[in-house]
A.B. asks: 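Below is a structure I'd like to ask you about.
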There are 2 protein chains.
Amino acid sequence: MNIGDVADLSGLPAKTIRYYEDIGLVEPLRSSNGYRSFRQSDVHKLAFLGRARALGFTIEDCRSLLKLYADTDRASAEVKQIAEEHLDRIDSKIAELTEMRATLSHLVDACAGDHRPDCPILADLAMEQKAAGSIGKASR
Amino acid sequence: MNIGDVADLSGLPAKTIRYYEDIGLVEPLRSSNGYRSFRQSDVHKLAFLGRARALGFTIEDCRSLLKLYADTDRASAEVKQIAEEHLDRIDSKIAELTEMRATLSHLVDACAGDHRPDCPILADLAMEQKAAGSIGKASR
DNA sequence: GTTGACCTTCCAGTAACTGGAGCCCCTATC
DNA sequence: GATAGGGGCTCCAGTTACTGGAAGGTCAAC
C-alpha cells in the first residue's frame, strides 16, 4: 500500500507517517520505484499511534507502548504505569488551565470592553495598586 | 540594574529576559562594559510579561497587550477581545484534556496492572475487537 | 594576581510536526 | 510521443518559547 492510502486509512497525514518512519516508529518496505510499501501490520501500528497520540501520549510513550504491545510477555503493570503517569500529567495541566481560566474570566468580566481606556485586565497585569478588594490582589 | 537583579525582581530567568530582548519585547540600555542596563520601566515591563505569560497569553498576545498598555488612547474593548480569545483557547484545551482524561481513566481503571500481559489499555489502542460492551468501543 | 560570580554572544536542542521547493514516477489522454 | 495530473520522494526551514552549554570578557574581593 502506498502512503496516501495509509494516510486515508489511519487518519494520519502522509507527512506525519514519514516523520514516524524517520524517528523509527514504523519501518515500511520499499517498492522498486522507491515508494514506501506498507503492510497491514504497518497500517495497524499507525492506527495504534494515532489513537495513542489522540489520548495525548508523547511520542516516547508511544514508542514504549508499541514495544509493550509487541511483547506478549509484558506485564500489564508496565502499561498501566505509563498510562497513570500520563493521567497525572493531564490532571496537572487541567489544574493549571483551570486556575488560569478562573483568573482570566474574572478579569474579562470586570472589563467594560468599550471605547474607554480603563481596563482591569491591563491594570492587573501591570499590578497597578488599587483600592482593597482589587481583583488582581485577590486572584493571585 | 544588571540582568541578574532584574531576574530576581521579575522572577524571570536571565535567559528568558535576553530572549525577550531578542524578540523585541524589551529594549534595555547598555552600560559601557556591554552589560544590559535595565531601567525601572524595563523591570515593570518584564514583570507585566511574567504575569501575562503565567496567564497563558502567547508571546504575540503579550506584544499586543504591552502595546495597548502603552497606548493611553486604547479602547478596553481591544484588550478584552484578546483576553476573550485566549479564554476560548483555554476552554477548548480544557475540554480536550477532560475528554482524554475520561477515556484514559476508564482504561486505567480497567487494567489489572499486574504481572499478566492482558491489558485493556493496549487492547483499546490496538482496537482489538472485544465482546459487546468493550470499553474501547464505548469510549470512542 | 587570581579566584569566583556575573556578564556577553552564539549555537544547538526541545516536541511533534508542517510547509514548501525541486524533482521523480505513473497513468491517461491528445 | 508529448503532456498533464496526481501521486510519490528527499531535504530544508519554520513553528513556540524558551533552555543548556561553550567560549570568553568584566568586576570585586582577597
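A, B, ... follow the sequence lines: proteins, then strands. Residue 1 opens every chain.
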A.B. asks: A side-chain contact here means heavy atoms from C-beta on lying under 4.5 Å apart; do B:F48 and B:L65 qualify?
C.D. replies: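 Yes, their side chains come closer than 4.5 Å.
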
A.B. asks: If you check every side-chain atom of B:R53, which of C:dT8, D:dC9, D:dC18 has the closest atom?
C.D. replies: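 Nucleotide nearest to B:R53's side chain: D:dC18.
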
A.B. asks: Can you list, in residue-number order, the parts of residues 9-23 of chain B that come under 4.0 Å of DNA chain D, counting heavy atoms only?
C.D. replies: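 The answer is B:P13, B:K15, B:T16, B:Y19, B:Y20.
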
A.B. asks: Could you list the residues that satisfy side-chain hydrogen bond (donor to acceptor under 3.5 Å, both in side chains) with A:R101, not counting sequence neighbours?
C.D. replies: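 Only B:D91 meet the side-chain hydrogen bond (donor to acceptor under 3.5 Å, both in side chains) criterion with A:R101.
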
A.B. asks: Under 4.5 Å between side-chain heavy atoms, counting indirect links through other Ile/Leu/Val/Met/Phe/Trp/Tyr residues: same cluster for A:I94 and B:L55 or not?
C.D. replies: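 Cluster IDs for A:I94 and B:L55 match.
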
A.B. asks: Is there a continuous path of hydrophobic side-chain contacts, each under 4.5 Å between heavy atoms, that joins A:L87 to A:L97?
C.D. replies: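 Yes.
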
A.B. asks: Looking at DNA chain D, which of residues 56-69 of chain A put a heavy atom within less than 4.0 Å of it?
C.D. replies: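 DNA chain D contact set from residues 56-69 of chain A: none.
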
A.B. asks: With heavy-atom distances below 4.5 Å as the criterion, would you say the side chains of A:I17 and A:S10 are in contact?
C.D. replies: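 Contact flag for A:I17/A:S10 side chains = yes.
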
A.B. asks: So that I can tick it off, tell me whether A:E21 and A:R18 are bridged by a salt bridge, with the cut-off set at under 4.0 angstrom between side-chain N and carboxylate O.
C.D. replies: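 Salt bridge: no.
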
A.B. asks: Please confirm whether the shortest side-chain N or O distance from A:R36 to OP1 or OP2 of D:dC9 is below 4.0 Å.
C.D. replies: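 So the side-chain polar atoms of A:R36 do come within 4.0 Å of the phosphate oxygens OP1 or OP2 of D:dC9, strictly under.
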
A.B. asks: Please report the distance, rounded to the nearest Å, between CG in B:L49 and C1' in D:dC18.
C.D. replies: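 Distance check: B:L49 CG to D:dC18 C1' gives 14 Å.
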
A.B. asks: Just by distance, with hydrogens left out, do A:S76 and B:D118 show a side-chain donor and acceptor under 3.5 Å apart?
C.D. replies: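 B:D118 and A:S76 do not have a side-chain donor-acceptor pair below 3.5 Å.
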
A.B. asks: Any N/O pairs under 3.5 Å between the protein and nucleotides 26-30 of chain D? List them or say none.
C.D. replies:
residue: D:dT26; atom: O4'; partner: B:Y35; partner atom: OH; Å: 3.3
residue: D:dC27; atom: OP1; partner: B:N33; partner atom: ND2; Å: 3.1

A.B. asks: So, taking the atom named CG in A:L122 and the one named NZ in B:K80, what distance separates them when rounded to the nearest 0.5 Å?
C.D. replies: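 It comes to 13.0 Å.
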
A.B. asks: OP1, OP2 of C:dT9 versus side-chain N and O of B:R30: anything below 4.0 Å?
C.D. replies: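 Answer is yes, contact under 4.0 Å.
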
A.B. asks: Nearest whole angstrom, please: distance from the C1' of D:dG8 to the CG of A:D5.
C.D. replies: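 Those two atoms, CG and C1', are 11 Å apart.
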
A.B. asks: Under the ring pair (Phe, Tyr, Trp, His ring centres under 6.0 Å) test, which residues partner A:F57, sequence neighbours left out?
C.D. replies: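 In terms of ring pair (Phe, Tyr, Trp, His ring centres under 6.0 Å), with neighbours along the sequence ignored, A:F57 is linked to A:H86.
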
A.B. asks: B:Y69: what forms a side-chain hydrogen bond (donor to acceptor under 3.5 Å, both in side chains) with it, not counting sequence neighbours?
C.D. replies: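 Listed in chain order: A:E128.
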
A.B. asks: Determine, stepwise, if the pair A:D42 / A:R39 fulfils salt bridge (Lys or Arg N to Asp or Glu O under 4.0 Å).
C.D. replies: CA-CA 5 Å; A:D42 295 317; A:R39 287 151 293 188; 3.1 Å; yes

